[in-house]
Amino acid sequence: MSLVPLRTLLDAAEQGKYAVGAFNCNNMEIVQAIVAAAEECRSPVILQASQGAIKYAGLDYIVAMVKAAAARATVPICLHLDHGTDFNTVVACIRAGFTSVMFDGSQYEKAENIARTKEIVKIAHAVGVSVEGEIGKIGGVEDEISVDEREAMLTPVPDAIEFFEATGVDALAMSFGTAHGPYKLPPKLALDRIAAVHEKTGAYLVMHGGSGVPEDDVRQGIALGIRKVNIDTELRQAFLGEIRQQLAAKPHEIDPRKIFAPAREVLKEHIKAKMRLFGCAGKA
Ligand code: G3H
Ligand code: 13P
Ligand code: ZN
């Protein structure tokens, strides 16, 4: 099956009131685990590559691996750029065959973020590629942060609405309490902000930092308008955790395949559980 734009997957998710999992990939085993999970669950799926993943594997390898997986697949697959901050990288991904790009202009003031995001939307939409934008900064897990400081990091609802309406993005990332990386304490989600933005605009909201968010919060977020959930850290933990166990159990093994194959299997099962949680299992 050929790759599909993010918009197609999220339009269906909005209709069905579920979210589609977006899983970060940077090598062959991870790509295979994600697509095998989607096939076994009959789930649509988003494979996303960060700029770091593209630097590690090569843009041509990422596209070739995902296209090879999609060619065999019978479920719809989107290839998405995660946190693209560089104009040239975003355009290179569009040219290389990505069906969706995130432009993360959160480092800029609102007006400049809007202007830069609009430019990307114009280019991407001209060739049928979807765009995710970000307003407000979704950081990493911070130490010793006060309630007031945490509140100040959340995206104000009027800013999110203005950004969404001005840019025409297909999916919207805003800060509502999640963070990238492993949480030291469970996050407190500003569910009211998700609901307010989704109700006023119909925007398809993205949960970044999805690893480690309590299952009930994920379910509530989806009920209120989250349509894409990003997971990376948990995949790293599952994959490397099994590799560590395999190496410990087989200290004399010299065939990498004997180590990677069970790790790929563990990763696949972890992703399947996420697909069931997000409600996208059985939707393809
Ligand atoms: O949001 C960030 C993703 O986890 C990707 O991380 O830039 O280390 O590839 P990375
Ligand atoms: P986690 O690594 O916290 O799962 O976040 C992933 C993410 O948001 C990618 O954009
Ligand atoms: Zn993110």
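These figures come from a predicted structure and were not determined experimentally. Nothing fancy with the numbering, it's 1 onward along the sequence. Ligands are counted one by one from 1 in listed order, and the atoms in each one are counted from 1 as well.
In terms of distance to the Zn ion (ligand 3), the nearest N, O or S atom of H208 is named ND1. The minimum distance between the Zn ion (ligand 3) and any N, O or S atom of H83 involves atom NE2.
Atom NZ of K17 has more than 12 neighbouring heavy atoms from other residues, nucleotides or ligands inside a 6.0 Å radius. Around atom OH of Y61, no more than 12 heavy atoms belonging to other residues, nucleotides or ligands sit under 6.0 Å away. No more than 12 heavy atoms of other residues, nucleotides or ligands lie within 6.0 Å of NZ in K122, so this atom counts as exposed by the packing criterion.
Looking at G209 next to ligand 2, an N or O pair under 3.5 Å apart turns up. Annotation: E234 places no N or O atom under 3.5 Å from an N or O atom of ligand 2; distance criterion only.
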Might you work through the side-chain contact (heavy atoms from CB on, under 4.5 Å) test for D82 and D104, ending with a clear yes or no? CA-CA 8 Å; D82 186 30; D104 176 353; over 6 Å; no
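Close contacts between ligand 2 and I231 involve ligand atoms 4 (O) [criterion: under 4.0 Å to a heavy atom]. When each atom of ligand 1 is checked for a heavy atom of H83 under 4.0 Å away, the hits are 1 (O). The distance from ligand 2 to the heavy atoms of H83 drops below 4.0 Å at these ligand atoms: 10 (O). Those atoms of ligand 2 that come under 4.0 Å of a heavy atom in H208, given as number and element, are 8 (O), 10 (O). Heavy-atom contacts of H180 reach the following atoms of ligand 2: 3 (O), 5 (O), 6 (C), 7 (C), 8 (O), 10 (O) (cutoff under 4.0 Å). Residue D82 has at least one heavy-atom neighbour below 4.0 Å for each of these atoms of ligand 2: 9 (C), 10 (O).
Of the charged side-chain nitrogens involved, at least one lies within less than 4.0 Å of a carboxylate oxygen, so that E234 and K274 count as a salt-bridged pair. Between R116 and E119 there is no salt bridge, since no side-chain nitrogen of the basic residue lies less than 4.0 Å from a carboxylate oxygen of the acidic one. Using a 4.0 Å cut-off between charged side-chain N and carboxylate O, E265 and K272 make no salt bridge. The existence of a salt bridge linking R264 and E242 is excluded, since no basic side-chain nitrogen approaches an acidic carboxylate oxygen closer than 4.0 Å.
Considering only non-hydrogen protein atoms, atom 2 (O) of ligand 2 sits nearest to T233 OG1, 2.6 Å. For atom 3 (O) of ligand 2, the nearest non-hydrogen atom of the protein is G181 N, 3.0 Å. For atom 4 (O) of ligand 2, the nearest protein heavy atom (residue, atom name, distance) is S211 OG, 2.5 Å. Among protein heavy atoms, atom 9 (O) of ligand 1 sits closest to S50 OG, 2.6 Å.
The closest heavy-atom contact to atom 8 (O) of ligand 1, among the options M102, Q51, R236, comes from R236. The option with the heavy atom closest to atom 4 (O) of ligand 1, from among N230, N26, N24, D232, is D232.
Residue contacts with ligand 2, taken as heavy atom pairs separated by less than 4.0 Å, involve N230 via backbone and side-chain atoms alike. Counting heavy atoms closer than 4.0 Å to ligand 2, residue N24 contributes side-chain atoms (C-beta onward) but none from N, CA, C or O.
Counting only distance, with no hydrogens or angles, the side chain of T178 and the backbone of H208 share a donor-acceptor pair below 3.5 Å. The closest donor-acceptor contact from the side chain of H80 to the backbone of I46 lies at 3.5 Å or more, if one exists at all.
A cation-pi arrangement is present between K283 and Y18, with the terminal nitrogen or guanidinium carbon under 6.0 Å from the aromatic centre and inside a 45° cone about the axis.
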